[in-house]
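Accompanying notes for the structure given below.
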Amino acid sequence: MSLVTVFTQLMGGMGITVAIFLLTLLFSMPLGMLVVLLRMSANKVVSAIMMVYISIMRGTPLMLQIIVIYFAPYYVFHINISSSYRFIAVIIAFSLNYAAYFAEIYRSGFKSVPHGQYEAANVLGYNRSQTFFHIILPQVIKRVLPPVTNEVITLVKDTSLAFAIATAEMFTIAKQISAKEASLMPLMAAGLFYYIFNALVAWGCAWIEKKYDYYRI
Amino acid sequence: MKILEMNHIKKSFDGVGVISDISLSVNEGEVLSIIGPSGSGKSTLLRCATMLERMDGGDLVYLGRYAAREEDGRCVYASQQDLKEIKRNIGLVFQNFNLFPHYSVLKNIVAPQLIAGKTKENAESRAMELLKSLGLTDHRDKYPCQLSGGQQQRVSIARALALDPQILFFDEPTSALDPELTAEVLRVIKELASQHMTMVIVTHEMEFARELSDWIIFMENGYIQAEGTPKDLFSTDNARVQSFVGKLRA
Ligand SMILES: Nc1ncnc2c1ncn2[C@@H]1O[C@H](COP(=O)(O)OP(=O)(O)OP(=O)(O)O)[C@@H](O)[C@H]1O
Ligand SMILES: [Mg+2]
């Protein structure tokens with residue numbers, strides 16, 4: 001069994017892995033922003049709900065969350081689970097989970113912007129949304145880039161947790177081939193894939209960080 | 001013409017009175033300095049005047065328009081729209097500059113003008129004019145982190161002036177600077193005074209206040225302990241003022 005045939009067999013799984021990765025980022029990054037804005041809102045009830053949400057998402061295993069979200073429609077609502085829901089459940093679970101982590105990262109970013117920036121904007125005639133989008137958000141983005149990069153790299157590896165509900169992502173398939181062929185090679189190939197994927201992601205993040213390097217805070 | 005009038009201002013934090021019944025007014029072209037020991041409420045007074053802080057009582061009037069008015073013992077602020085218009089008359093220079101770090105020097109001065117609705121051409125030519133008069137032309141493409149404190153403070157003065165305020169407030173504009181840089185910023189403020197800019201300045205620079213001000217207020221514990229022309233105040237026989245002024249000059 002050559003590396004090439006292994007990679008060909010793994011191809012479909014790679015596609016799913018990349019899809020999980022991209023869709024999770026697409027949903028969780030803005031959702032994390034919404035969560036943190038609600039978390040920092042003056043409304044104590046809303047803020048408390050978000051705190052509980054964040055603590056549950058961070059305090060329980062992602063694998064458990066995936067399983068619960070996958071089986072919830074059946075056990076809670078007695079709806080039959082269709083096989084196409086498998087992938088959707090993975091995306092929902094990953095997005096909800098990563099949104100909580102991103103929310104905490106964003107929060108530290110917001111807290112590190114000095115209050116004087118809001119006040120300067122205020123006396124210069126910026127309204128609330130202008131202050132947010134023109135003054136605060138760009139500075140928050142710069143500050144959160146390093147921790148966000150860490151989180152994104154963790155996500156690459158976490159995609160393999162989708163095997164918990166037998167999603168045909170890369171790792172699941174590698175395991176199946178490996179068992180069938182009694183060879184470690186498929187798993188090694190999978191490892192190589194994750195490694196290269198991560199290297200690309202890290203390179204992309206470094207490139208973005210560099211773009212924000214033109215000023216210091 | 002009266003630019004600013006504050007009547008019987010009161011402000012407390014968590015039940016602790018910080019400003020207790022302060023009244024003052026500033027006419028067009030006048031320079032008012034506020035001096036006093038640390039914690040006496042100078043910054044709080046300035047923050048009430050610039051509406052960064054809500055007052056608990058008293059009237060706040062700009063050019064005859066009420067920004068806030070005391071009614072039945074409560075402080076009632078004007079509508080959002082009115083406040084927005086009234087605020088256009090006000091500029092504020094902070095002790096620690098608060099420049100926008102992600103904007104170049106030029107953009108720091110241009111961006112607020114665009115927010116105020118000016119065209120890009122007008123905003124840029126106004127900014128260049130100010131940069132020139134403040135000796136900052138060569139620095140226009142730099143970022144705040146690349147400037148000295150004195151340069152940053154001059155940029156922040158330019159940023160405030162670009163919006164053509166009727167009155168400019170300063171909260172200890174030089175206390176984050178070493179003596180040499182202090183001198184360069186004080187020079188700019190003196191220049192503004194000579195152009196009859198209306199200003200309210202909180203400062204610990206006694207000589208500067210004496211030289212520049214039309215009126216000086218000495219604050220302590222949230223009250224005006226003494227006030228007068230520089231000549232009167234510096235030759236007062238009020239022992240408290242004497243010791244404060246003397247200590248800082250020594
Ligand atoms: N946001 C706030 N919350 C609670 N207390 C405050 C707040 N702002 C100011 N104070 C208190 O009000 C008092 C007056 O503070 P303020 O900053 O106005 O003094 P100051 O005269 O400007 O002093 P300094 O010369 O040190 O700048 C202080 O006792 C301060 O602790
Ligand atoms: Mg102060």
Side-chain angles (χ1 to χ4, degrees), chain A residues 29-30 33 36-37 40-44 47 102 105-149 205-217, chain B residues 43 46-47 49-54 80-81 83-105 107-118 141-147 152 155-156 158-165 167-171 176:
Chain A
M29 286 188 146
M33 187 56 74
V36 76
L37 293 180
M40 296 190 305
S41 89
N43 186 323
K44 292 235 164 53
S47 171
F102 283 133
I105 291 174
Y106 297 159
R107 195 163 71 96
S108 69
F110 278 109
K111 279 171 76 176
S112 67
V113 176
H115 198 60
Q117 292 289 306
Y118 292 88
E119 297 192 333
N122 181 321
V123 286
L124 290 166
Y126 286 67
N127 65 27
R128 281 173 65 112
S129 89
Q130 287 163 339
T131 303
F132 181 78
F133 287 107
H134 294 245
I135 306 302
I136 306 302
L137 193 57
Q139 296 183 53
V140 169
I141 291 174
K142 179 179 169 78
R143 283 158 197 267
V144 302
L145 275 175
V148 163
T149 300
C205 290
W207 183 76
I208 296 173
E209 262 177 59
K210 205 163 175 173
K211 289 205 73 148
Y212 277 85
D213 234 14
Y214 65 88
Y215 74 94
R216 268 186 329 201
I217 302 181
Chain B
S43 295
L46 222 58
R47 294 168 56 81
T50 51
M51 292 182 260
L52 288 173
E53 211 78 70
R54 281 184 89 88
Q80 286 281 333
Q81 186 55 40
L83 287 180
K84 197 176 158 190
E85 285 169 23
I86 292 170
K87 274 187 174 176
R88 283 178 176 250
N89 301 311
I90 307 172
L92 172 61
V93 174
F94 297 85
Q95 179 176 347
N96 54 350
F97 333 130
N98 288 330
L99 290 174
F100 300 134
H102 57 307
Y103 286 170
S104 68
V105 165
K107 194 162 179 200
N108 260 283
I109 304 171
V110 169
Q113 298 183 69
L114 299 180
I115 294 287
K118 279 207 219 170
D141 295 323
K142 291 190 180 161
Y143 286 83
C145 62
Q146 298 169 301
L147 301 179
Q152 290 191 51
V155 173
S156 93
R159 181 175 73 168
L161 289 172
L163 298 174
D164 300 314
I167 180 168
L168 193 49
F169 294 86
F170 295 82
D171 191 359

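Every chain is numbered from 1, with letters handed out A, B, ... down the list of sequences. Note that these values count all heavy atoms, side chains included, but never hydrogens, waters or copies made by symmetry.
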Inset, instruction - Against chain A, label B:I90 side chain, backbone, both or neither, depending on which of its atoms sit under 4.5 Å from a heavy atom there. - result: backbone
Legend entry - Distance (rounded to the nearest 0.5 Å) between B:L114 CG and A:Q130 CD: 10.5 Å
Inset, instruction - Using non-hydrogen atoms and a 4.5 Å limit, figure out which bit of A:Y212 sits close to chain B: side chain, backbone, both or neither. - result: neither
Inset, instruction - Name the option with the most non-hydrogen atom pairs under 4.5 Å to chain B; the candidates are A:N122, A:I135, A:N127, A:V123. - result: A:I135
Legend entry - Euclidean distance, B:K87 NZ relative to A:L124 CG, rounded to 0.5 Å: 10.5 Å
Legend entry - Test applied, side-chain contact (heavy atoms from CB on, under 4.5 Å); reference residue, A:Y215; option that passes from B:F100, B:Y143, B:Y103: B:Y143
Legend entry - Selection from B:A162, B:S104, B:G91, B:C145 maximising heavy-atom pairs under 4.5 Å formed with chain A: B:C145
Legend entry - Contacting region of A:Q117 [heavy-atom separation from chain B under 4.5 Å]: both
Legend entry - For A:A120 against B:N98, the heavy-atom pair lying closest together: CB-O, 3.6 Å
Legend entry - Part of A:E119 within contact of chain B (heavy atom distance under 4.5 Å): both
Legend entry - Which portion of B:R159 sits near chain A, non-hydrogen atoms under 4.5 angstrom: both
